[in-house]
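Before any comments, here is the structure.
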Amino acid sequence: MKVRKAVFPVAGLGTRFLPATKALPKEMLPVVDIPLIQYAVEEALNSGIEQIIFVTGRGKTALENHFDRSVELENILKSKNKEDTLKVVEAIVPETGTIIYTRQNEPLGLGHAIWCARDVVGDEPFAVLLADDLIKSKEPVLKQMLQRFNRLRASMVAVMEVAKEETNKYGIIDGKDIEDNVVDIQALIEKPDPESAPSNLAAIGRYILTPEIFNILGEKKRGAGNEIQLTDAMEILLKKQPVFGYRFDGTRFDCGDKAGFLMANIAFAMERDDLAPQIKEFFK
Ligand code: UTP
């Protein structure tokens, strides 16, 4: 079955980015002039995804408004002959009905947020994108993964090597390479200390999951940080069916972290003809 649906968990509190995220959803932080969530939604749509499922929470209405029309703004842009800006604003809004919203009424963890989408997803494989993992790549990373998924027909997570001393920030993989860029995962450990980590291969925020994951998440077992962790559920899943890691082609920025967010802004600005000369001059 084709992967048609993508879940975007956006109900987290973004505590690492306070005070900016006190009233503003973390996923609305802009890299140059585009909010993180828009990059992720565009990645999904450009990968062939047909339905966007947002798992939101309290204080996230800015996200919903961003993907809706603003007739007043459009009229003002029209009256001022700002046709180019009008096109940019109109292009954000997918065809009506493409986005479905559901709520996580308590931020109990990423695994729990995904479980909240169980009835909207139903009994079919689906993608998960974490907007704060922004990836700069020629081909959308989800598209790269879907190509492999269509052949391997098993759950998959994007993986990358991280510094050994940073394993305690990630879900870490124990596995063997089976083909170009594909790792057969034997074990997944949430945030292990560098001394106990089986490798420095980390799972990052792009997944394709089979619907069996919902039964496991439904048991609501708490893990690291007393949260319902997706990594723990995947660890159980891989005892029942294969789970693969995919070494993606691209550069990932951790935009949930201040340093990663600033680096993303610089990297994306340096690719813009209207900004690069000024930025280069400033760095000089
Ligand atoms: P993070 O692990 O970055 O957590 O979530 P967070 O709460 O947003 O941020 P910090 O760690 O407090 O700074 C990864 C993604 O999962 C979502 C977040 O919105 C983010 O997109 N998430 C996390 C939920 O939707 N619900 C949760 O309970 C936790």
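Atoms within a ligand are numbered from 1 in the order they appear, just like the ligands themselves.
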*Please go through Val89's hydrophobic cluster and name the other residues, only I, L, V, M, F, W, Y counting, with side-chain heavy atoms under 4.5 Å joining them.*
Leu73, Leu77, Leu86

What are the atom names and distances for all N or O pairs under 3.5 Å between ligand 1 and the protein?
residue: ligand 1; atom: 3 (O); partner: Arg16; partner atom: NH2; Å: 2.9
residue: ligand 1; atom: 3 (O); partner: Lys26; partner atom: NZ; Å: 2.9
residue: ligand 1; atom: 3 (O); partner: Asp132; partner atom: OD2; Å: 3.3
residue: ligand 1; atom: 7 (O); partner: Leu13; partner atom: N; Å: 3.1
residue: ligand 1; atom: 7 (O); partner: Gly14; partner atom: N; Å: 3.4
residue: ligand 1; atom: 8 (O); partner: Lys26; partner atom: NZ; Å: 2.8
residue: ligand 1; atom: 9 (O); partner: Gly14; partner atom: N; Å: 3.4
residue: ligand 1; atom: 9 (O); partner: Lys26; partner atom: NZ; Å: 3.2
residue: ligand 1; atom: 11 (O); partner: Arg16; partner atom: NE; Å: 3.1
residue: ligand 1; atom: 12 (O); partner: Thr15; partner atom: N; Å: 2.8
residue: ligand 1; atom: 12 (O); partner: Thr15; partner atom: OG1; Å: 2.5
residue: ligand 1; atom: 13 (O); partner: Thr15; partner atom: N; Å: 3.0
residue: ligand 1; atom: 13 (O); partner: Arg16; partner atom: N; Å: 2.7
residue: ligand 1; atom: 13 (O); partner: Arg16; partner atom: NE; Å: 3.1
residue: ligand 1; atom: 19 (O); partner: Ala11; partner atom: N; Å: 3.4
residue: ligand 1; atom: 19 (O); partner: Gly12; partner atom: N; Å: 2.8
residue: ligand 1; atom: 19 (O); partner: Glu27; partner atom: OE2; Å: 2.7
residue: ligand 1; atom: 21 (O); partner: Pro9; partner atom: O; Å: 2.8
residue: ligand 1; atom: 21 (O); partner: Glu27; partner atom: OE2; Å: 3.2
residue: ligand 1; atom: 25 (O); partner: Ala11; partner atom: N; Å: 2.8
residue: ligand 1; atom: 25 (O); partner: Gly12; partner atom: N; Å: 3.4
residue: ligand 1; atom: 26 (N); partner: Gln104; partner atom: OE1; Å: 2.7
residue: ligand 1; atom: 28 (O); partner: Gln104; partner atom: OE1; Å: 3.3
residue: ligand 1; atom: 28 (O); partner: Gln104; partner atom: NE2; Å: 3.2
residue: ligand 1; atom: 28 (O); partner: Leu108; partner atom: N; Å: 3.3
residue: ligand 1; atom: 28 (O); partner: Gly109; partner atom: N; Å: 2.7
residue: ligand 1; atom: 28 (O); partner: Gly109; partner atom: O; Å: 3.3

_Please check this pair: side chain of Gln186 against backbone of Asp174, looking for a donor-acceptor N/O pair closer than 3.5 Å._
no

*Which atoms form the tightest heavy-atom contact between Ile172 and Ser199, and what is the distance?*
CG2-O, 3.3 Å

*Under 4.5 Å between side-chain heavy atoms, hopping through other hydrophobics if needed: is there a path connecting Ile204 to Leu188?*
no

*May I ask you to say whether Asp257 pairs ionically with Lys169, meaning some side-chain N is under 4.0 Å from a carboxylate O?*
no

*Compute both the distance and the angle, then confirm whether Lys136 meets the cation-pi test with Phe253: under 6.0 Å from the six-membered ring centre, within 45 degrees of the axis.*
no

